Amino acid sequence: MNLTNIGTIREIMSRHGFSFSKGLGQNFIINPEICPKIAENGNAQKGFGILEIGTGFGVLTAELARRADKVTAVEIDKRLLPVLDETLAEFDNVKIINQDVMKVDLNKIIAEEFQGMRVAVCANLPYYITSPVIMLLLESRLPVESITVMVQKEAGQRLCAKVGTREAGAITVGVNYYGTVKQLFGVSRGNFMPSPNVDSVVIRIDLNQNYRLEPESEKFFFRVVKAGFAQRRKTLANAVSAQVGVPKETVYAVLRETRLPENVRTESMSMEQLIEFSEKLRKVM
Ligand code: SAM
């Protein structure tokens, strides 16, 4: 079944009484060259189990299933289940879990579904939860080798920014803490049905654990980072003092100890400075 053909999509929609949900970020890929490229760049190959998030009609799922040993996909919209029964009927290595990805235990799913396999994540992510999903994937410390996802162009720029520059955000620190990120290729808005208001990019995060703190330190580190970036116009001291609940004088003292000015902004700090600051702050709390 050619799931990138608009006529086929319309026919399935009318037979199943399906309409796109904007709220669930349903923009399906209609260019036949894109899904094979995501699959090939995303470790979909023999020996791998692939975790997919958001199947739509299964256009990417099918390309993953053709190449990998197994695909398990988490899809929130139950109206898609009868559609997927039909569109993925030729594959016996696909399982759909009808849940909200933000609410499932991904470690448990991976342990149960992919025994003895290497694991990777591949997805065309729903735009409304791109950053939370990526942070969840990273913070859950999943035993996966790579995360290859299509995201909105602006989100991609933030993800691929350098820590310590204005373009960086909490998510930039997140990906660089857990791995290495790279932009693979761009996909313009006309390649989707319905067409969204923004262009997209496909990025890959290779998880290689450049940095490793103790679990409690790591939790605190991300609390500090999220607080620091949540109020971009404020200095780190103001943002952290307000959101983490530390007296400003304490933050200033820790900044001095870290050889940083009192008015430093989170976005201008390097990964090493952020880690050193958060470790020292944690010790005086
Ligand atoms: N993979 C398909 C494609 O590339 O054409 C569909 C991608 S579409 C951008 C995003 C998909 O994620 C939709 O099928 C949507 O229903 C699903 N989705 C949205 N929110 C979700 C959530 N919280 N958990 C799991 N799936 C979700």
Side-chain angles (χ1 to χ4, degrees), residues 1-6 8-10 12-13 16 18-42 44 50-68 71-88 91 94-106 109 113 120-137 140 147-156 184-203:
M1 196 178 285
N2 183 357
L3 291 171
T4 53
N5 181 286
I6 294 179
T8 307
I9 297 177
R10 290 222 172 96
I12 294 174
M13 289 179 74
H16 287 270
F18 182 87
S19 53
F20 296 112
S21 158
K22 212 173 174 185
L24 291 177
Q26 290 178 344
N27 302 97
F28 299 169
I29 296 171
I30 52 166
N31 176 337
E33 288 172 16
I34 296 171
C35 292
K37 238 164 122 181
I38 298 177
E40 276 153 24
N41 279 288
I50 305 290
L51 175 69
E52 189 193 5
I53 296 150
T55 57
F57 283 180
V59 64
L60 174 60
T61 324
E63 296 302 332
L64 298 170
R66 256 181 212 124
R67 294 168 174 81
V71 181
T72 296
V74 182
E75 168 57 59
I76 196 171
D77 188 350
K78 76 169 187 304
R79 299 173 308 153
L80 288 168
L81 299 182
V83 177
L84 293 165
D85 275 345
E86 196 182 305
T87 57
L88 299 173
F91 300 102
V94 175
K95 178 168 170 184
I96 312 292
I97 299 178
N98 181 211
Q99 298 268 4
D100 179 345
V101 69
M102 298 304 293
K103 295 190 181 146
V104 290
D105 182 343
L106 292 170
I109 290 178
E113 299 290 324
V121 176
C122 283
N124 171 14
L125 288 178
Y127 295 154
Y128 75 105
I129 43 167
T130 302
S131 295
V133 170
I134 293 178
M135 274 320 273
L136 175 74
L137 293 171
S140 305
I147 299 172
T148 306
V149 283
M150 174 127 64
V151 300
Q152 223 175 295
K153 193 172 165 191
E154 287 67 26
L184 299 179
F185 55 93
V187 180
S188 62
R189 63 195 76 184
N191 292 293
F192 300 88
M193 181 176 170
S195 171
N197 296 328
V198 286
D199 297 322
S200 298
V201 291
V202 176
I203 60 141

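Every value quoted in this text rests on a predicted model; they were computed, and no experiment measured them. Both counts, for ligands and for their atoms, begin at 1 and track the order of listing. Note that the numbering runs from 1 along the sequence shown for the chain.
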For ligand 1, what are the residues with a heavy-atom contact below 4.0 Å?
Leu24, Gly25, Gln26, Asn27, Phe28, Ile29, Glu52, Gly54, Thr55, Gly56, Val59, Val74, Glu75, Ile76, Asp77, Leu80, Gln99, Asp100, Val101, Asn124, Leu125, Pro126, Tyr128, Ile129
How would you list, by chain and number, every residue that makes a side-chain contact (heavy atoms from CB on, under 4.5 Å) with Lys78, sequence neighbours excluded?
Leu81, Asn98
Please say which of Thr72, Asp85, Leu88 ends up in a side-chain contact (heavy atoms from CB on, under 4.5 Å) with Ile96.
Leu88
Partner residues of Lys153 under the salt bridge (charged side-chain N to carboxylate O under 4.0 Å, His left out) criterion, sequence neighbours left out:
none
Pairs under 3.5 angstrom only: tabulate donor-acceptor contacts from the side chains of residues 121-134 to other protein residues two or more places apart or in another chain.
residue	atom	partner	partner atom	Å
Tyr127	OH	Ser200	OG	2.3
Thr130	OG1	Tyr127	O	3.2

Between Lys37 and Glu40, does any side-chain N to carboxylate O distance fall below 4.0 Å?
no
So with a 6.0 Å cut-off around CZ of Arg10, is the heavy-atom count from everything else above 12?
no
